[in-house]
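Values reported hereafter were calculated over all heavy atoms of this structure, with side chains retained and with hydrogens, waters and symmetry mates removed.
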Amino acid sequence: MAATANILIDQARPRAISLRWIISARDDLIWFIGSVLSSYALLALYVSGVLPLIPMVAAWAILIDAPHVFGTFSRTYFDRIERQNRARLLGGSLLFFVVGPLMVLAGAGLVFFFIAALWAYYHLVKQHYGFMVLYKKKNGDLAPLDNALDRLLLLFAFNYPFVAFIARDPEAMVRVPRLLHSSVNGLALFLLVGTIVLGVAWLARQIQRAFMGWPLNVPKYLLLGAAIPMHWIVLLTPMPNKPIAIVAILTIYHNLQYHRLIWFHNQKYKSGTGSDTGVSPVAASISREVPAEQLSREQHVQDAHATSRSKHGAAELISRRLLFYVAFGIIFGLIYQGPRQYLGYVSVTHGGRSGTSEQSLPMQLGIAFLWGYAFIHYYLDSKIWRVRRDPSVSKALRMD
């Protein structure tokens, strides 16, 4: 009786650490945290001169970045149910294709490209915030004080190096509207002081949690420990053609995180056909001793595919095999980033600067139109991953 009571007491005590993962410890550590090594690898290869600018950016854009944009489309425009449920959102998002060209024609091209760059960086930060929220929800780390400190620390710690980079880099300052030039250094100083103050407060809070015996959210710590230093190192490291190079170097980490999350989410299209391990569900379930059960399993898999295909349409085909997802993503990359990289190459080789009057009007219009794909991705991403408001997303990500 006493032994049973002791067991119950031990079970009731809060754990010193909390280690609940989005997918699994292995997957999360490789894809959501460890994939930061891809950014460090690109940085080292580029700064050392091993990897030239144009091949690095073009290969990244077509083979990795554009397919991650396609990942968003795979679960929205290509999903029959999503098209029905989000018809206004998906239809209205297409207007982003005309925003850029209209601003260029109105003589506001510099403002448009400046806003595009800010939104692109904000999107990176917002994804890190999104992953942090998933870890907070998974690990029950939802105290109001912790929520506020986490949010503010992330906001300041990611934005300081970005603003400091702009303030120090002449090529970056060219892309900033002249009206804002005088405020960049002041903003950088404000963000630096805020980061230091918030960093001290955040660390004190973690020490307090440890002292009080409250669970420490280790996956959250690992995520922030991977993402924040990488942004500081990349953005504050001198390098040639920095405004162009850092786009690939910073974003490849974001891309790999997103690809794995999309692939995990899109396993809902394989409902009833096995896990997301990459092993054929049929092979995993075959019983060698009972051939009749094997036939039954195979028929069940085929029926499940047919049911999912009738409900979701092309989204089921895209996510049926990893090879399909990769192939469709690269095809999309050639359609979207192929022209964009060509226009960027022409701009660089002719000494122009993206988003300035040194580019011809047709080139500005073309680049502004192609920004529409990215804008749609940014906007939809802010709407379709709300696990608290959308039970289907929470279920697909196994948040319960």
Side-chain angles (χ1 to χ4, degrees), residues 53 57 61 65 93 95-126 155-195 231-232 234-251 254 340-341 343-379 381-382:
L53 176 69
V57 174
D65 185 62
S93 297
L95 293 174
F96 282 116
F97 282 117
V98 303
V99 172
L102 287 177
M103 290 187 68
V104 169
L105 290 174
L110 178 62
V111 174
F112 168 76
F113 290 114
F114 175 68
I115 292 173
L118 292 183
W119 197 1
Y121 187 75
Y122 172 77
H123 176 66
L124 297 186
V125 176
K126 187 68 180 293
L155 177 67
F156 276 76
F158 277 111
N159 284 319
Y160 163 69
F162 181 67
V163 176
F165 145 66
I166 294 174
R168 300 175 185 180
D169 192 288
E171 291 183 60
M173 283 297 289
V174 169
R175 294 166 165 80
V176 178
R178 188 169 298 277
L179 183 65
L180 302 177
H181 282 202
S182 61
S183 61
V184 174
N185 283 307
L187 178 58
L189 179 60
F190 169 74
L191 291 171
L192 177 59
V193 173
T195 300
H231 275 247
W232 281 59
V234 171
L235 287 164
L236 300 180
T237 297
M239 66 185 78
N241 298 298
K242 189 170 180 177
I244 300 173
I246 63 170
V247 176
I249 296 170
L250 286 175
T251 311
H254 161 93
R340 189 176 180 186
Q341 292 306 305
L343 292 174
Y345 170 77
V346 171
S347 175
V348 170
T349 56
H350 285 76
R353 298 184 176 91
S354 178
T356 73
S357 58
E358 294 180 30
Q359 292 178 331
S360 67
L361 179 62
M363 184 178 295
Q364 289 190 52
L365 289 172
I367 295 174
F369 172 81
L370 292 169
W371 264 106
Y373 288 105
F375 283 0
I376 292 172
H377 166 65
Y378 303 160
Y379 184 65
D381 254 22
S382 70

**Message:** So, using side-chain contact (heavy atoms from CB on, under 4.5 Å) as the criterion, who are the partners of Ala167 when residues are at least two apart?
**Reply:** Val184, Asn185

**Request:** With sequence neighbours left out, write down each residue that passes side-chain contact (heavy atoms from CB on, under 4.5 Å) with Leu118, or none if nothing qualifies.
**Result:** Phe114, Phe162

Can you confirm whether or not the ring centre of [X] sits under 6.0 Å from the ring centre of [Y]?
| X | Y | value |
| --- | --- | --- |
| Trp119 | Phe96 | yes |
| Tyr121 | Phe158 | no |
| Phe190 | Phe156 | yes |

For the [atom1] atom of [X] and the [atom2] atom of [Y], what is their distance to the nearest 0.5 Å?
| X | Y | atom1 | atom2 | answer |
| --- | --- | --- | --- | --- |
| Ile367 | Phe113 | CD1 | CZ | 5.5 Å |
| Asn241 | Ile246 | CG | CD1 | 11.5 Å |
| Met239 | Ile249 | CE | CD1 | 4.5 Å |
| Leu192 | Leu187 | CG | CG | 11.0 Å |
| Leu124 | Leu250 | CG | CG | 6.5 Å |

**Prompt:** For Ile376, does its backbone N or O pair with a side-chain atom of Ser93 as donor and acceptor, under 3.5 Å?
**Reply:** no

**Prompt:** Under 30°, 30 to 60°, or over 60°: which ring-plane class applies to Trp232 and Tyr160, parallel, tilted or perpendicular?
**Reply:** tilted

